[in-house]
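Here is the naming used below: chain letters follow the sequence lines, and residue numbers restart at 1 for every chain. All heavy atoms count here, side chains included; hydrogens, waters and symmetry mates do not.
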Protein chains: 2
Amino acid sequence: MATMKDVADKAGVSLSTVSYVLSGTRSISEPTRALILKAMDDLDFHPNAVARALASKRTRVVALLLSPQERGMGLSELEFVKGASEAAKALDHHLVLLTEGMDSEADLAYLKRQGLVDGVILMEVHLHDPRVPLLQKLGLPFSLLGRPDPALNLPFADIDFDRTIQSVLELLTDSGHRRISFVNQSREVLDAGYGPVVRAQEAYDHWGSLLGVETSTIYSHPTPRGGWAACQAIFEGSAPPSALVVMNDRALPGVLQALAARGLRVPEDVSVVSAVTSSAAAEMMVPALTSADAPSQELAWRAVTNLVKTIENPGVVLEQTLIPCKLTPRSSTSRVDRKSH
Amino acid sequence: MATMKDVADKAGVSLSTVSYVLSGTRSISEPTRALILKAMDDLDFHPNAVARALASKRTRVVALLLSPQERGMGLSELEFVKGASEAAKALDHHLVLLTEGMDSEADLAYLKRQGLVDGVILMEVHLHDPRVPLLQKLGLPFSLLGRPDPALNLPFADIDFDRTIQSVLELLTDSGHRRISFVNQSREVLDAGYGPVVRAQEAYDHWGSLLGVETSTIYSHPTPRGGWAACQAIFEGSAPPSALVVMNDRALPGVLQALAARGLRVPEDVSVVSAVTSSAAAEMMVPALTSADAPSQELAWRAVTNLVKTIENPGVVLEQTLIPCKLTPRSSTSRVDRKSH
DNA sequence: CTGTTAGCGCATTCAG
DNA sequence: CTGAATGCGCTAACAG
């Protein structure tokens with residue numbers, strides 16, 4: 001475990017000179033630089049991250065605050081986590097995972113004073129997320145996956161729900177569908193102001209009316225059972241829809257099951273689109289679902305990049321990124337059957 | 001950002017005394033301890049993790065080496081990651097996620113010299129995992145999720161595949177099934193010596209013959225398409241099975257689809273058990289599958305605990321934990337229909 | 001029971 | 001262009 005001192009001795013130069021060839025903070029003559037590089041190589045030297053962190057006051061560690069909720073963790077979250085870890089590595093940082101109880105002021109303040117992380121990434125951001133003002137007050141750099149309602153001057157990366165829902169509805173209306181129901185997440189989550197649920201709902205209402213769709217929304221708990229109940233409720237009415245847009249991964253199996261129980265075939269009788277899922281989840285359904293897949297990897301990349309930029313240059317103009325989900329047609333959608341409607 | 005020196009000054013004691021009340025390494029008189037605690041409280045002091053790490057040569061950070069393969073990451077891995085993060089927190093550690101390229105000697109050596117982590121947890125351990133001797137050589141503490149073949153003196157936490165498969169087969173044979181096929185993961189993975197695939201196969205062969213089962217194994221790529229092909233192959237034969245054991249989450253949808261395409265109902269015509277999945281995945285299928293769920297959370301807990309113990313006491317007797325999957329009957333299994341067999 | 005002191009390994013200011 | 005010296009905040013001998 002060679003240290004900089006060892007390198008300096010071996011190269012016959014001062015310790016600081018070694019430090020400078022590492023940081024590139026000042027110019028070094030080519031001969032001495034070569035000498036030092038060789039010494040480093042010979043000794044198999046690598047700077048100690050902890051010592052460097054202590055001296056420079058930068059750990060190059062960022063934290064990902066995992067969703068406190070049980071609900072949140074699905075395949076697309078997993079993709080996000082992996083993506084964030086990779087992005088962090090690419091930017092020469094480490095990613096630590098922080099679970100549970102990281103939302104109170106005390107927790108966040110503690111995190112800051114521990115000094116182990118340079119900044120944090122928030123998941124599951126709500127419209128009025130209390131963590132945002134907290135972090136601002138603490139002066140702990142952060143970036144958001146999702147965004148609060150007025151997102152003035154905040155660095156975030158989020159799904160463009162408006163365009164996502166637009167493209168889904170257009171796909172369906174282009175295929176002749178006119179009665180399209182929306183299976184959103186639960187009422188509680190909506191009332192709690194969870195961004196995706198609120199924004200997707202707004203987008204559905206907006207584009208639905210613009211495209212002349214007969215809309216109807218049903219809120220479902222994120223369980224197969226919830227999806228089953230939701231689906232039953234939808235088809236109880238006198239004017240059943242010819243298509244379903246579902247933004248509720250966990251409820252999806254129940255929805256499909258209820259459809260089958262009613263003798264409704266997908267896509268012959270009813271088209272189904274899964275919005276804001278992972279493609280892996282959509283492909284796991286039978287039939288494979290047409291879906292608007294969350295761009296988790298890219299969002300992760302943006303979130304990490306944003307954070308690192310904020311850390312390195314606190315005065316930087318903050319980047320706000322909106323990415324729509326990519327619509328992938330699979331086997332769960334078809335043109336509406338004229339005869340039956 | 002108060003430091004220990006501030007606390008010492010405010011309490012009118014020496015810096016080291018403050019340090020000792022923190023570490024509890026030596027006895028302090030009650031009055032001075034109280035004085036110091038009060039000072040810490042007043043100044044809202046919290047020890048700086050980086051400085052502490054530098055001085056003590058322990059960062060209290062452990063790394064989770066994510067599966068290099070694309071394959072590995074499913075819902076149960078996610079549960080494992082979450083569990084590990086929680087366990088780490090409970091043991092006053094942080095968990096960093098390391099992705100990609102952490103298997104070569106250079107990578108691991110670099111990780112060690114960086115000095116940021118005290119130890120690592122390996123996932124996706126193979127029977128002859130090259131990382132194990134590497135880590136031993138480097139002297140970097142580690143613990144395993146899974147285990148190499150002779151696992152002498154290695155700390156690991158793994159699924160008890162033998163008992164898991166036994167319970168699955170017994171469930172089926174108790175219900176009258178005699179012809180039971182096994183859908184394992186791909187041949188490539190088996191040949192690569194991936195622990196779960198090898199051990200599950202051995203267990204299936206062993207218990208199958210012991211229980212008088214007509215066995216047949218088919219290897220499937222971890223995709224719906226692979227599962228479809230596997231299922232077709234299985235039912236091509238003259239003596240189709242009455243039950244399927246599937247240890248291949250990603251192939252499962254394809255298997256079910258192929259069954260349906262052949263007009264075979266689950267569980268009336270064929271019983272299906274998903275082995276070593278997450279319950280979330282089993283519940284996402286239609287019908288919800290009887291499954292042997294991987295005890296991801298508990299394994300994570302053990303793996304982290306093992307690692308921390310190893311770090312704190314290099315000479316400790318290493319713990320080896322085997323936990324069977326918990327069998328949860330759902331709607332995909334039934335007694336064999338006597339008439340049709 | 002408590003204080004003094006020497007590092008941990010590196011970044012960086014101040015000299016030269 | 002390079003060296004010497006100081007300190008980041010804390011731990012852990014060493015000395016009372």
Under the salt bridge (charged side-chain N to carboxylate O under 4.0 Å, His left out) rule, what pairs show up with a residue in residues 44-67 of chain A, not counting sequence neighbours?
D44(A)-R113(B), R58(A)-D118(A), R58(A)-E312(A), R60(A)-D92(A)
Checking all strands, does S23(A) fall into the base, sugar-phosphate, or nothing category for heavy-atom contacts under 4.0 angstrom?
nothing
Sorted by chain and residue number, the ring pair (Phe, Tyr, Trp, His ring centres under 6.0 Å) partners of H128(A) (sequence neighbours excluded) come out as none
Pairs touching residues 37-62 of chain B that satisfy ring pair (Phe, Tyr, Trp, His ring centres under 6.0 Å), sequence neighbours left out:
Y110(A)-H46(B)
What contact category does S19(B) fall into here, base, sugar-phosphate, or nothing, at under 4.0 angstrom with non-hydrogen atoms?
base
Give a yes or no on whether the backbone of L43(B) and the side-chain of K10(B) come within a donor-acceptor separation of less than 3.5 Å.
no
Could you tell me whether the side chain of L307(A) reaches within less than 4.5 Å of the side chain of I311(A), counting heavy atoms only?
yes
The side-chain hydrogen bond (donor to acceptor under 3.5 Å, both in side chains) partners of S56(B) (sequence neighbours excluded) come to none
Going by the side-chain hydrogen bond (donor to acceptor under 3.5 Å, both in side chains) test, which pairs reach into residues 138-152 of chain A, not counting sequence neighbours?
R147(A)-D158(A)
With a 4.0 Å cut-off on heavy atoms, is T32(A) in touch with a base, just the backbone sugar-phosphate, or nothing at all?
sugar-phosphate
Would a 4.5 Å heavy-atom cut-off, applied to side chains only, mark D160(A) and I323(A) as touching?
no
Output yes when a side-chain donor or acceptor of T59(A) lies under 3.5 Å from a complementary backbone atom of L116(A), and no otherwise.
yes
Taken to the nearest whole Å, CZ/R113(B) to C1'/dC10(C) is 17 Å
Output the rounded distance in Å from CE (M1(A)) to P (dG7(C)).
19 Å
Short of 4.0 Å, heavy atom to strand atom, which residues of residues 40-60 of chain A count as contacting DNA chain D?
L54(A), A55(A), K57(A)
Whole-Å distance separating the CD atom of Q114(B) from the P atom of dG9(C):
15 Å
Any pair counted as side-chain hydrogen bond (donor to acceptor under 3.5 Å, both in side chains), so long as it reaches residues 314-324 of chain A, sequence neighbours left out:
R302(A)-T321(A), K309(A)-E319(A)
Touch class at under 4.0 angstrom, heavy-atom based, for M4(B) against every strand present
base
Pairs: protein N or O with nucleotides 4-6 of chain C N or O, under 3.5 Å:
| from | atom 1 | to | atom 2 | distance (Å) |
| --- | --- | --- | --- | --- |
| dT4(C) | O4 | S16(B) | OG | 3.0 |

Rounded to the nearest Å, what distance is computed from the CZ atom of residue R33(B) to the P atom of nucleotide dG3(C)?
14 Å
At how many degrees, to 10°, do the end axes of the helix from dC1(C)-dG16(D) to dG16(C)-dC1(D) meet when each uses five pairs?
40°
What nucleic acid atoms does V13(A) come within less than 4.0 Å of, heavy atoms only: base, sugar-phosphate, or nothing?
sugar-phosphate
Go through DNA chain D in 5' to 3' direction and return only the first and the last nucleotide with some atom under 4.0 Å of chain B's heavy atoms.
dG9(D) to dC14(D)
Let me check something: any side-chain donor-acceptor pairs from residues 31-38 of chain B under 3.5 Å, sequence neighbours excluded? List them with distances.
| from | atom 1 | to | atom 2 | distance (Å) |
| --- | --- | --- | --- | --- |
| T32(B) | OG1 | S29(B) | O | 3.0 |
| T32(B) | OG1 | S29(B) | OG | 2.8 |
| K38(B) | NZ | D42(B) | OD1 | 3.2 |
| K38(B) | NZ | D42(B) | OD2 | 2.6 |

Of all heavy-atom pairs linking G83(A) and Q297(A), the shortest is CA-OE1, 3.9 Å
Show the numbers, then the answer: is there a side chain to side chain donor-acceptor pair (under 3.5 Å) between S76(A) and S296(A)?
CA-CA 6 Å; S76(A) 61; S296(A) 306; 4.6 Å; no
Pairs meeting criterion ring pair (Phe, Tyr, Trp, His ring centres under 6.0 Å) with involvement of residues 14-33 of chain A, two or more places apart:
none
